[in-house]
Structures are given as structure tokens and as C-alpha cells.
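Small disclaimer: the values here were computed from a predicted structure and weren't measured. In what follows, every chain begins at residue 1, and chains take the letters A, B, ... in the order their sequences are listed.
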Amino acid sequence: MAGTSQELKDVTIAFDVMGSDHGPEEVVRGAAQLSLEAPHIHALLVGDREVIDAALADTKHRAERISVQHAAEFVGMDEKPGEALARKKHASVSVAAQLVAEGEAQALVSAGNTGAGVLACARHFKLIPGVRRAALAAVYPTRGTRGEKEDPFSLILDVGATVEATAEDLVTFAVMGSAYARIVSRNERPKVALLSNGVEPQKGPPRVVEAHAKLSSLQGINFIGNVEGVDIPKGTVDVIVTDGFVGNVCLKMLEGVHETVVELARYAYKEKLRWRAGLAMLSSGIQRIKDITDWEQYGGAPILGFDRIFIKAHGRSKARAITNAGKVAAKAVAHQLGTSIQEGLPK
Amino acid sequence: MSLPDRIDPRPPRRIYRWDLDKTYLRTDFDSFRDLVRTAFQKAHEKVAVPGASALIKELSENGDSRLCIVSGSPKQMRAVLEEKLKLDGVKWDEFVLKDNVGNLLRGRFRALRGQVGYKLPAILESRVGAPVEAEEVLFGDDAEADAFIYSLYADLIAGRVDERVLTQVLEAGGVYPDDAERVRSAWKRIPIADPVRRIFIHLDRLTPPAHFAPYGPRVVPIFNYFQAALVLLADGHLTAPQVIKIAVEMVQTAGHNIITLSNSFQDLIRRGLPLQHAALALSQALEGPNGLIQAIRPVPDIIAAFTKRLAALGTPPAPPRAQAVDYVSLISHALPRTHKDRKK
């Protein structure tokens, strides 16, 4: 215990235990695993104490690295975030965000309702000076890899927090995404691009053209210009910048394509023996693709722009994804993501 | 002969029984390589579990106590183990080691790994000469069968286990007839009393605490010896300043800090241990002059951390209820683990 904790500064991550698709047990198991793997990370589990205790009692963990904060309520996946948070003053995500704001923990991880998470952060955290709107980032599996860790993901932002972004917002998103990729993927000079309908600088709506001009002259960022939708899965760049409306449509379409391909493969498997044999021959390749596109290894995606770290884990996160989300959050804290973003913003 | 030498020592009021490997010493013998390395380790190379020696020393400070060690290590290691204990400043009254060479020569292969047939007669025989009123606290670990053997020992001398159950357990545990006879013989010589207050199980393997629930609240799985110290403070075996001394040693030598200590405290509260009064005593002791802890961390921070962890839970849970232990159904806990089990 002593060894690693002396090398790395201790950090406490608040986990909103409630409201995810697989239930609190999975989040508790993820945090428990984190307590075994990372001696410098402490988990603060926020949610129904009895449920958490029952799950912990049956799970291998290190009690020295885990504490619990009781929260009697939580926001369900199907609830409207604003209404739910107004009605449930002690919702776990609110309590967790408040604890982070008060310094009891340095970052928040939630696999619950995304809107409630963003709203809770907006209520309890402050925006980084120079940032007008927060951005919700998403990771997308790509053909190419990046950074010291060879992450097979690119970062897309925003995917829904700011529906109509201005040119200034897009510039801010680029700086934030670049700082995050630099820290989390250990990618010294992440390639950043604007998503547009052509690679030429004058392509796209006025705000994209204006952002292009501003980013081209911004120091400290590796801006390579515009990319098109086709470049997202190719992994042409490491950070793709767009507004929340376009980003969300893109992401959902990419998810739809992925699901359709899987369904087609299932159909083919059932339909003809010859097709089944073909798929069987491809099985090792399919497994390799599955490994590469395994989003659980990435843990979650950040909400960027607040003075505190918030990692939004996928609603379907299982323990492994939660563990990794905790590690990502701790890394962002350790490398002072907020300071890094602030330093990169145009003066 | 001087006068004090002729005065009989006072009978022990408290008996502390300790296992050694994985309870007091950090030991790895999950593989043959680990076993060989452990066998050839010198005394100064052996490492104690953080807080263990401090806890033993503080418990002996109170006087009228007896430290009895029963270890599964072979008798051939006595010299090096005794040297290690001396290096740590630990004084013992009884130190029993396993005669594995004897077992090997007699072809008693089950006895090499079996724990029930070794530890149960050893601690029962040790109890034979103890004063009836002497309370006991036992320390073991989750690597082998300590929770089972210690609980069975406690319930045997309290008269809660009858001969029929004992026979079933000894048979299912693969105990050799002569060891079973030693168990019965010692048991019959012990007056019925209920002296065992606590059984601490050091979670060396991080076995989930729920695994020990069938043994009832007397068995307390602990992640570290600060937790044991807190419970012993609540039980009246230690004072708050003594607990602080143990905490300080763990901070100075084992990388513990205010977060790990306060989390350890909250973990016990969440498991229903009645520590509220202990927490109050600890806070009062911290507020007094204590230069050692001041040097590590400002006192208000420590009190605040503990208070926050307590407040975070709302109403503390009710303590678990005492229950009868069904030893026959728990016999699998007492059987030697396979290599596969250990890796889990």
C-alpha cells in the first residue's frame, strides 16, 4: 500500500452509485475493484447505504479506500432531469456533485441519467474562467490508434450539452478536447479538427468558418482543419469538434450503424449454414474488432468546462467500465485538467 | 533469591491468542516457491502486518494479560520467529509451533495441512490452566480456518456445542484419532465459562466480510489493526491514547493516512459495530496534548474526518444479532484449501 501511494498523490473519486442500467451493485463492484487496483484512489460511494453495504459485504475490496455517503433518492434513467432534481433534493447525483464542490472528493463518476448529471454539475460546479458553455464529450472507436497508450478511440465534442454553439464555443471545445486527449491518452500533440461538410476552410455554416479561422491562429493546439463525417470512424484525427446538435446526431447514427451490422451478422448466422461457416472463419477477426471497440476499457467520457471533473460512464456500464472511469477521473485530477484547459484558452 | 521472585505472578485477567503467518507476519506461501523463500528468510527480512506489533505491545501494557501464539509454521523455524518477535519488542508467554517433520515421518499427511486437528487441541490445552474468569480475544486470518476453529473453541468451552456435533466436526475435518482424543480430554478439563469476547480475522486475502456472517457478531473481520484497536477500545481493552499510538505507527510505517483511517472507522460503523462511544473517547484524547499526532496532521482535521464519516451514514445500522453457529454446515471453511481456492 505504501509504495504506490507515496508515488502518486491521493485522490478521492465520488461515485454516484444509483440509477444506472445494471443497478447499484455493478457500480459498487467497479469501485471495489478500483480499491484493489489503485492504492492512491479512494472511492466515495454515494447512494442508498443499505444497498451499498450489502453489495460491499459480498465483494472483495479494501475498506481503507472506500467510504459511503448515504443519499436517500436518485434520478431514474427515464425521468426528466430538471423536474426530477427539483423534486428530489437528496438525489445521489446532486449529493455527489455537492461533495465534489465542497472538496470531499476531487471528481465525480456517474453511470446514471446523463441530463441529471450535467444539471447537477451545472448547479454545484463553476465554469472554468473563459468557458461559456460546458461540452459533453464521447469516445468513438476508430481504425487508427493514438497516444502512448495506443487508444483506439477518438474524442467527439460536443455530443449534446450545447445544442447551438458559437464560434467561440467551438474554439473552447477544441482547447478542452485537446487538453483531455493530451492527459488521458498521453497524446502529446493530439490532432484536432472541426467537423464540416468539406475539408476546405470556407466550408460549413458561418460559425464553423469563423471557428476555423480562430483555431488556425491559436497557439498550443495542433489544429489540422476540417474533417468530414467519414473521417470519424477512420480515426483521421484525435479530437473532433462540433456543436451538440450535430454531434449528437452523428453519434446516434454511428451507434445505429454498429447495431445494424451486429443484427445483420446475427441474421446471417441463422439464415444459411454457409454464411455461418463464413462467420465462424472470421471469428478471431470479429473478436479482435470487438476488443478494439470495447468501450468498457475507456470507462466513460468527460463533461468538459467545469472547474471539477465529471466522467459520465455509459448507462450500461458494468464493473470494469466503472473501474476504468474512476481511473480516468483520477488521471484527469492528477494532471490538473482544469488548469490545462484554462492555459490553452485564447487570451 | 530476592523477595519479588518468590511472589507468584498475578493470574492473567485477559488472554490474547494470536496466529502468526498472515495474522502477525506478512507471509506468502501460496506456491512452493513462496514456501521455500519463507523458510529461508532471516528474522530481519520478515515483515509484520502494519500495526500488529504496536497493538500487541499496547495490550500487554495493561498488565494481567497473557500472549499465546499458536502458529502453523514448523518447529524448525522457532529460532528465527522468536528472533523476529524480539526485534519487534513483542514478549510472549506461550509459543506453539507445528511438528510437521514429525507428521511427515509418521506418515500423517492430512495433518500437514489440516488446521482443526492442530490448533483446536493446542488452544484447548492452553486454556486448561487458565483462570475461569480470564477473558479471551483471538486473532487469526482468512487464509485458513481460524474463524471456524476459534468460534468452535469459544462455543465448546461455553458449553454451546455438544459432543455429537464435536464428533461430526472432527470426523469431517479429517482429524486423526489421537488429536481428537486430545481435544476431548482438554475440553473435559475446562470448567464451563464464556470467556471469548472477540475473534478478529485479518483479511489478508480480502475475503468479503459477508463470508464470516454465519459466525455472528463475535467474529469481526478486519482490514487493518487500527480497526481491531477501535473495537478493543469499545470493548474496554485499550484506552483512546493507546489507539492513537497504534494509528500513529500505522501512519509512520505503513503509508496509512487520515483518509484510510477514517474510512476504516466508517467501515466498522456500517457493519453495525457500536463504536460511537469509542469515537467520542478518541476525539477527547485527540484534543488533549499529543505532540506525536500533531506532527502528522492537525488534530481538527482528524476529528473532522471521523465526524464526517459518521455523519455521512445518517442513522447507524443496528448491530447484527448473536446467533448459534452451525459448525456441521460450515465444515468446508475448516478444510484445507486447494491451490485453486487460494488463487481466487
Side-chain angles (χ1 to χ4, degrees), chain A residues 1-14 17 25 28-29 31-33 35-37 39-73 90 92 95-96 98-99 102-106, chain B residues 26 47 49-51 142 202-213 220-227 230 247 250-273 301 304-318 320 344:
Chain A
M1 182 167 148
T4 324
S5 59
Q6 279 165 6
E7 291 153 21
L8 298 163
K9 210 176 161 208
D10 280 7
V11 54
T12 302
I13 309 296
V17 170
E25 292 79 8
V28 171
R29 279 181 47 215
Q33 186 58 32
S35 78
L36 302 178
E37 289 180 17
H40 69 294
I41 304 177
H42 302 270
L44 170 53
L45 305 180
V46 185
D48 187 306
R49 190 196 68 207
E50 281 185 33
V51 174
I52 295 171
D53 282 344
L56 265 184
D58 276 326
T59 311
K60 220 172 188 182
H61 67 283
R62 282 197 179 277
E64 299 103 329
R65 297 178 197 151
I66 292 178
S67 67
V68 174
Q69 172 77 46
H70 179 64
E73 302 165 302
H90 302 290
S92 56
V95 174
Q98 191 178 342
L99 287 167
E102 288 168 355
E104 285 299 306
Q106 285 78 54
Chain B
R26 277 184 172 169
V47 180
V49 177
D142 59 344
H202 178 239
L203 297 174
D204 178 77
R205 293 180 185 283
L206 301 172
T207 306
H211 176 81
F212 301 95
V220 181
I222 49 162
F223 289 89
N224 55 58
Y225 282 111
F226 177 64
Q227 291 193 315
L230 285 170
M250 290 171 68
V251 169
Q252 288 179 330
T253 63
H256 276 272
N257 55 42
I258 191 60
I259 302 175
T260 61
L261 296 181
S262 49
N263 286 350
S264 303
F265 164 73
Q266 196 206 45
D267 171 55
L268 293 176
I269 297 272
R270 294 203 315 270
R271 287 197 259 142
L273 271 297
D301 286 6
F306 278 71
T307 312
K308 272 180 194 162
R309 293 296 190 280
L310 196 58
L313 302 176
T315 317
K344 277 182 192 170

Measure [X] against the heavy atoms of chain B and call it side chain, backbone, both or neither at under 4.5 Å.
{"X": "A:Glu50", "result": "neither"}
{"X": "A:His61", "result": "both"}
{"X": "A:Leu36", "result": "side chain"}
{"X": "A:Asp58", "result": "both"}

One option among A:Val68, A:Leu44, A:Thr12, A:Leu56 has the most heavy-atom pairs under 4.5 Å with chain B, and it is A:Val68
Per-residue tally against chain B (heavy atom, under 4.5 Å) across A:Arg49, A:His70, A:Gln69, A:His42 peaks at A:Arg49
CG (B:Leu273) and CD (B:Gln227) are apart, to the nearest 0.5 Å, by 8.5 Å
dist B:Ile258:CD1 -> A:Asp10:CG (nearest 0.5 Å) comes out at 12.0 Å
If one checks every heavy atom of B:Asp267 against chain A at 4.5 Å, the contacting part turns out to be side chain
Bottom line for B:Pro317: the part with an atom under 4.5 Å from chain A's heavy atoms is both
Do B:His211 and B:Pro221 touch side chain to side chain, with heavy atoms closer than 4.5 Å?
no
(Q) What verdict does the side-chain hydrogen bond (donor to acceptor under 3.5 Å, both in side chains) test give for A:Arg65 and B:Asn263, after you've listed the backbone C-alpha separation in whole Å, the side-chain angles of each residue and the deciding distance to 0.1 Å? (A) CA-CA 7 Å; A:Arg65 297 178 197 151; B:Asn263 286 350; over 6 Å; no
Heavy atoms of A:Glu64 and B:Ser264 approach each other most closely as CG-OG, 3.5 Å
Notebook entry, point to check: How are the rings of B:Phe226 and B:Phe306 set relative to one another: parallel (under 30°), tilted (30 to 60°) or perpendicular (over 60°)?
Noted result: perpendicular
